[in-house]
Amino acid sequence: MHSFLTSAALVASATVSLAAPHELVGRSTFSVEQVAAGKVFKSGPLAMMNTYAKYAKAGAVAPADVTSAAAAAVQSGQVAANPEAYDESYLCPVTVGGQTLNLDFDTGSADLWVFSTLTPSSESTGHTTYNPSTSGKIKSGYTWDISYGDGSGAAGTVYADKVVVGGVTATSQAVEAATSVSSTFTSDTANDGLLGLAFSTINTVSPTKQTTFFDTVKSTLAKALFTADLKKGAAGAYDFGYIDTSKYTGSITYVPVTTSNGFWEFTAAGYSVGTSKTTSGSIGDSIADTGTTLLYLPTATVTAYYKQVTGAAYNSAQGGYIFSCSATLPNFNVNIGGAVYTVPGSYINYAPINTAGTQCFGGIQANTGIGFSIFGDIFLKSVFAVFDETTSSPRLGFAEQ
Ligand SMILES: C[C@@H](SC(=N)N)c1ccc(Cl)cc1
């Protein structure tokens, strides 16, 4: 995928509350509350568990068969995140209408789009394509069109089909089949499309926005969250519905998220360069973005970092800071929610830019023109990240890996 993806387009139940009669023995009254049909549970047992939970304080206890039935209806799962060269992006196997495609999970966008049999062969050669005719149900008149800041983009039509990620199933997920893709997508033949994990408010489907995979399955997950455990040069994983405590050390620190721009947007505090963990300054408004390769920070922060790298300089032809590939890079430490996370210096030696392999491109670059900082894969592969909607407002959690 691209050094970074931006998107012009993106910068983007009838629950009947009923306590079981046997629970009410000896009680004089009970109420049946009919609520608007807006909240429709996908699973009866889950709906009942919701009711028992609601009246737990009044002594309601779910019968074992309801509990076990609900347990059966609750989903969770894990999918591998396989790095492309230089960890440019991480691709995950997803079955779409029974066909397995390798998709880039992107917490910075909200469209699930795939190369398809509708994509001209001149643009899809080398890719695995989704064939909607197998089990897809067309959403007539629905279209999508996404564009990213690096000039890449894709567009197409929309189907409803079964999508499975690590065993977690969305029985009728909006699958955006590409009828055209730009050259950078065509040339990355390992990438068969994107699975957006930002907030559905920035989905590009018209005339009606569609939900992301996470939003589609969220109410059926054991916990309404997913985690990202990306690694440098090795397979990591996305987990849906649970937190695997073996994947991190210490504790998870949570910070509030603002969703007004559709991103997992948070505030990063001070930073330091090198071994000192005493941070100062303030990075400010930031997003956690698995779909962006690098770490984009305020110019003052970036200048301060590369001041500690002998020979590093901004190269306008390359569009970023470069340095000798033999340079020793200092760690980058950042304070988020009062905890300090370290990006090892070696992670910031991103990749060679010349065939001789003597000049290298920095993993930290300036956020000039973006409007916020982007904590992309350079940062995310240094931590364990929790994208959490279990509480009244979304939050991000980070822990040391
Ligand atoms: C959220 C990412 S794009 C993505 N991860 N799909 C982004 C947005 C805006 C700019 Cl300017 C640059 C990058």
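We count ligands from 1, going down the list as the structure has it; atoms in each ligand are counted the same way.
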Within ligand 1, which atoms have a heavy atom of [X] less than 4.0 Å away?
X      : value
Ile287 : 1 (C)
Thr292 : 2 (C), 5 (N)
Asp289 : 1 (C), 2 (C), 4 (C), 5 (N)
Phe263 : 1 (C)

- Does Leu194 come within less than 4.0 Å of ligand 1, judged by its heavy atoms?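 Heavy atoms of Leu194 never come under 4.0 Å of ligand 1.
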
Just by distance, no angles: are the side chains of [X] and [Y] close enough, under 3.5 Å, to form a donor-acceptor pair?
X      : Y      : value
Thr184 : Asp188 : no
Gln359 : Asn315 : no
Lys231 : Gln401 : yes

- With sequence neighbours left out, write down each residue that passes side-chain hydrogen bond (donor to acceptor under 3.5 Å, both in side chains) with Thr129, or none if nothing qualifies. none

- Item | Between Tyr159 and Tyr142, ring centroids under 6.0 Å | no

Just to be sure I read this right, does ligand 1 sit under 4.0 Å from the backbone of [X], its side chain, both, or neither, counting only heavy atoms?
X      : answer
Ile374 : side chain
Thr107 : neither
Tyr296 : neither

- Task: Applying salt bridge (charged side-chain N to carboxylate O under 4.0 Å, His left out), name anything that partners Lys232, two or more places apart in sequence or on another chain.
- Result: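 Counting only residues at least two positions away or on another chain, Lys232 forms no salt bridge (charged side-chain N to carboxylate O under 4.0 Å, His left out).
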
